[in-house]
2 protein chains.
Amino acid sequence: MAAKAELDRILEALDATETLDGLHQIIHKVCDGFGVDHAMYLWVETAGNHYYFGSYPPEWTQRYIDKAYSRVDPVVVGCYQRFHPVDWKRLDWSPRPAREFLKDALKHGVGNQGYAIPIRGPNGQFALFTVSHNCDDAAWERITEKHSRDFILMAHYFNRKVLELEPSRNAEQAQPLSPREVDALTLLAIGYSRAQVAETLSISEHTLRVYIESARFKLGAINTTHAIARALSLGLIVI
Amino acid sequence: MAAKAELDRILEALDATETLDGLHQIIHKVCDGFGVDHAMYLWVETAGNHYYFGSYPPEWTQRYIDKAYSRVDPVVVGCYQRFHPVDWKRLDWSPRPAREFLKDALKHGVGNQGYAIPIRGPNGQFALFTVSHNCDDAAWERITEKHSRDFILMAHYFNRKVLELEPSRNAEQAQPLSPREVDALTLLAIGYSRAQVAETLSISEHTLRVYIESARFKLGAINTTHAIARALSLGLIVI
DNA sequence: CTTGCGCTCCCCATAAATGGCGATGGCAAG
DNA sequence: CTTGCCATCGCCATTTATGGGGAGCGCAAG
């Protein structure tokens, strides 16, 4: 089957590329190889700070950033709460901002059909791989049914490469915490006050403070809340 | 290719199954179909609260839970910080607890080779899909090279089904936070004091307090640190 | 058109966390 | 055998967070 060879070619190209430029080119091969109008990868971070590449017109991508559309885009919002790839049609387009966004998107050449694959990486990374197209529902269903597995794999490989080539975006490795520090931060993270933590761990509150301060220092955190947040993000504690 | 048909059969079975029992059976088909000794799925939550099914001997799985091995298991610890599937050999087995864990695992019939695929879902879900086997390095590399894509897809499909059939675990759907609440918690999570957050958001410190309290209430958190931790865990904020 | 919710503002008092100065003993690696 | 890290303890002053009251405006959905 042609598409199978297509997938292999793309995944191999993804494995082989060593530059972001190379990576960005491959997205166009996805369009050609799978007969869709557009494909894109979008790493969603805090508002306005995305990492995007794809085949959408540059005006649209700029507009998307300028208008902070990722906050209203049902594809982003909807995928954030699910694991399963999703057809755009099945998302909730009822809120007014969403409908206006859709109108704007169609005007800028985004396809009326789309299929989005949520991707999650370490440290809370969240990204999307999307293919979109202009066609009727039946034709689109044929495409997505046939290639949904391929899209999943490509999403995985794209993200893998992005993480590899954009290490700066990926949080730095923190020095490990001592067991007591982990205990202390974990209990604080579930809402215990310092007094309660000290009692739970059967240590003086002062000793506890030493742990917290030590953990704060290791994590480069300026207060306890920050330390908890960093420890959670870095996977050093789990609640 | 036989393995291709094998993959199709398994993914279709995964799509079709509607019970956890059915799901648990399929893991054995993975072993048969791909010629590996063991396969397993492990949803890692707080210590001792896992969701597991697989082909390991029941004694071992019980022991794993009893000894809280997920805290020292380099497969779990190592995968938590990466996106890429990983061969067990490439993990860090040098800490003493890890070495003792390995000895214990081998004694209980876990293979000397393994390949682990990290899986992440909404609300900070973290799971592992692992295949393991007893053989030499060369043979193992042939298996993993040939089937790594299949393993990724199976990991994805297993997790998809688990999320579908175990909604209770995922059910901790927190009510969504308002944009201002997200702003407030996010800034607190990066270490800002309330005064700084209020200034950054250009609101009074009292208004900020209302947001924090409202978020605390929605999250069932008893103090700010707890709220931050829960919001992070639930994926409601990202830092 | 009412009800709810989000966003905004203020004061007071108390509880909690932080910063700074200490100290001792154990254990492991260089 | 020193150096560093971990675990444990104390006190005081200051800053910050929390809990308890209030209130008004706007928007959207029932």
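Proteins get letters first, then strands, A, B, ... in listed order; numbering begins at 1 in each.
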For B:H226 and C:dA16, what is the distance between atoms NE2 and P respectively, to the nearest whole Å? 17 Å
Could you give all pairs that pass the ring-ring contact (aromatic ring centres under 6.0 Å, His included) test and reach residues 71-98 of chain B, with sequence neighbours left out? A:H156-B:F83, B:Y80-B:F126
In whole angstrom, what separates B:I222's CD1 from D:dA17's C1'? 14 Å
Between C:dC7 (C1') and B:D183 (CG): distance, integer Å: 12 Å
Any N/O pairs under 3.5 Å between the protein and nucleotides 6-10 of chain D? List them or say none.
unit_1 : atom_1 : unit_2 : atom_2 : d
D:dC6  : OP1    : A:K218 : NZ     : 3.3
D:dA7  : OP2    : A:S178 : OG     : 2.7
D:dA7  : O3'    : A:Y211 : OH     : 3.4
D:dT8  : OP1    : A:R180 : NH2    : 3.2
D:dT8  : OP2    : A:R180 : NE     : 3.0
D:dT8  : OP2    : A:Y211 : OH     : 2.1
D:dC9  : OP2    : A:S204 : N      : 2.5
D:dC9  : OP2    : A:S204 : OG     : 3.4
D:dC9  : OP2    : A:T207 : OG1    : 2.9
D:dC9  : N4     : A:H206 : ND1    : 3.1
D:dG10 : N7     : A:H206 : ND1    : 3.1
D:dG10 : N7     : A:H206 : NE2    : 3.1
D:dG10 : O6     : A:H206 : NE2    : 2.3

Check this one for me: any side-chain N or O of B:R209 less than 4.0 Å away from OP1 or OP2 of C:dC7? no
Measure the distance from CG on A:N223 to P on D:dT15 and round it to the nearest whole Å. 17 Å
How close or far is atom P of D:dA17 from atom CG of B:L185, stated in whole angstroms? 14 Å
Ring pair (Phe, Tyr, Trp, His ring centres under 6.0 Å), paired with A:Y41, selected from A:F151, A:F129, A:F53: A:F53
Quickly work out the A:I228 CD1 to D:dA17 P distance and round it to whole Å. 15 Å
Looking just at side-chain N and O atoms, do A:D183 and A:Y211 make a donor-acceptor pair shorter than 3.5 Å? no
Between D:dA17 atom C1' and B:Q196 atom CD, what is the distance in whole Å? 14 Å
Can you name the closest pair of heavy atoms from B:L128 and B:A116 and give their distance? CD2-CB, 4.5 Å
Separation of D:dT16 C1' from B:E213 CD (nearest whole Å): 14 Å
Check the pair A:R209 / A:E205 against salt bridge (Lys or Arg N to Asp or Glu O under 4.0 Å), numbers first and verdict last. CA-CA 6 Å; A:R209 281 185 53 192; A:E205 201 174 323; over 6 Å; no
Can B:K218 and B:E181 be counted as an ion pair, charged N to O under 4.0 angstrom? yes
